[in-house]
Amino acid sequence: MKILVTGGAGYIGSHFVKILNDKNINVVVLDNLSRGHREAVPQNVTLEVVDLLDYEKLNVTLKNYNFDAVVHFAAFAYVGESVENPVLYYQNNVVGSFNLLKACVENNIKKFVFSSTCSLYGNPETVPISESQKTNPINPYAQTKLIIENMLSDFDKAYGLKYVVLRYFNAAGDDFTGSIGESHEPEPHLIPIVINTALGSREKVLIFGNDYKTKDGTCVRDYIHINDLGDAHLRALEYLNKNGESDIFNLGTGDGYSVNEIIETAEKITNLKIKKEIAPRREGDPATLVADNQKAKTKLGWTPKHNLEEIISSAYNWHKNKRF
Ligand code: UDP
């Protein structure tokens with residue numbers, strides 16, 4: 001099996017590449033390195049520095065390798081940035097994914113795993129959220145992901161491209177070896193912000209709102225360890241190899257934690273005091289996002305293995321000695 005991983009130098013992609021590489025599965029990374037890190041790609045894995053917007057170069061790369069499947073992570077993923085600059089998001093995410101899918105058709109690649117998001121449910125009607133819940137994207141980032149999901153469905157009908165869409169809840173934590181991890185600039189995500197505050201590189205954590213209808217007034221999210229996400233991608237490939245039909249799966253643990261609980265758990269694990277301050281709500285934040293993960297469990301045979309303590313301790317381990 002020869003796999004192409006786009007965005008394999010990014011946070012989620014690089015963890016998946018490490019899982020494949022550790023299992024001696026043949027993998028090639030394609031990344032434009034605009035936001036990814038060369039150091040996140042193992043030295044024995046080929047890195048093709050290609051931009052998905054450069055169709056000719058992309059097509060030639062796919063022709064050169066004869067891939068069995070594509071796992072597509074490459075995307076911009078900052079909600080706030082997408083609101084301010086939709087051009088960037090529609091161009092990079094939608095046009096880039098379109099080019100990739102077109103190149104798959106041209107090169108007869110029929111298996112595709114796509115990195116999607118729970119944010120396309122918008123403000124969910126009920127929680128936990130199952131895949132049958134109505135999609136209602138409330139920002140351009142989520143819109144781009146939904147457009148690509150719809151494109152996949154059309155490509156299956158017309159060209160027989162079989163796909164698995166994985167809608168992630170909150171990807172968090174880092175590889176337990178400390179060799180790779182999350183490194184965003186700027187860093188918008190709660191757990192690295194909390195850890196960096198504990199380590200003294202940030203002054204305080206701003207808690208975006210404490211008047212939500214949740215257990216303690218702060219937002220509740222379903223944090224899923226990055227290697228559990230990686231494991232689901234591997235199972236998605238196995239599912240497609242067994243001729244599974246195109247399908248969509250939510251990936252979360254099914255457990256929700258509030259912002260306050262994250263800070264408390266991090267204080268316990270690091271044994272450090274974390275300064276916090278209540279700030280106004282962040283626009284577009286639903287009160288609670290928790291996955292119903294039954295479908296992934298049943299059809300992909302996937303069960304998340306890592307709990308919140310492991311998520312936070314692996315993040316602490318990485319951020320203490322960050323390599324890039
Ligand atoms: N959050 C916060 N302060 C921060 C960053 C995030 O209170 O500095 C909250 C945010 O409102 C959300 C949760 O933490 O409820 C997780 O946010 P993150 O940006 O990590 O992921 P998202 O849920 O937006 O994908």
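Just follow the structure's listing: the first ligand is 1, and inside any ligand the first atom is 1. Index from 1, following the sequence.
Judged by distance alone, with hydrogens and angles left aside, the side-chain atoms of Asn250 form no donor-acceptor pair with the main-chain N or O of Ala291 at under 3.5 Å.
Here the protein heavy atom with the shortest distance to atom 13 (C) of ligand 1 is Tyr223 OH, 3.7 Å. Nearest to atom 24 (O) of ligand 1 among the protein's heavy atoms is Arg282 NH2, 2.7 Å. In terms of protein heavy-atom proximity, atom 25 (O) of ligand 1 is nearest to Asn170 ND2, 3.6 Å. Among protein heavy atoms, atom 3 (N) of ligand 1 sits closest to Leu206 O, 2.6 Å. Distance from atom 15 (O) of ligand 1 to its nearest protein heavy atom, with residue and atom name: Cys219 CB, 2.9 Å. For atom 20 (O) of ligand 1, the closest non-hydrogen atom of the protein is Leu190 N, 2.8 Å. Nearest protein heavy-atom neighbour of atom 4 (C) of ligand 1: Phe208 CE1, 3.3 Å. Of the protein's non-hydrogen atoms, the one nearest atom 11 (O) of ligand 1 is Asp285 OD2, 2.5 Å.
Of the heavy atoms in His189, both backbone and side-chain atoms come closer than 4.0 Å to ligand 1.
Under 3.5 Å, the side chains of Thr253 and Asp222 contain a donor-acceptor pair of N or O atoms.
Within the cation-pi definition used here (under 6.0 Å to the ring centroid, within 45° of the axis), Lys215 qualifies as a partner of Tyr257.
Inclusion of Val259 in the set of residues having an N or O under 3.5 Å from an N or O of ligand 1 is not warranted.
Those atoms of ligand 1 that come under 4.0 Å of a heavy atom in Ile207, given as number and element, are 7 (O).
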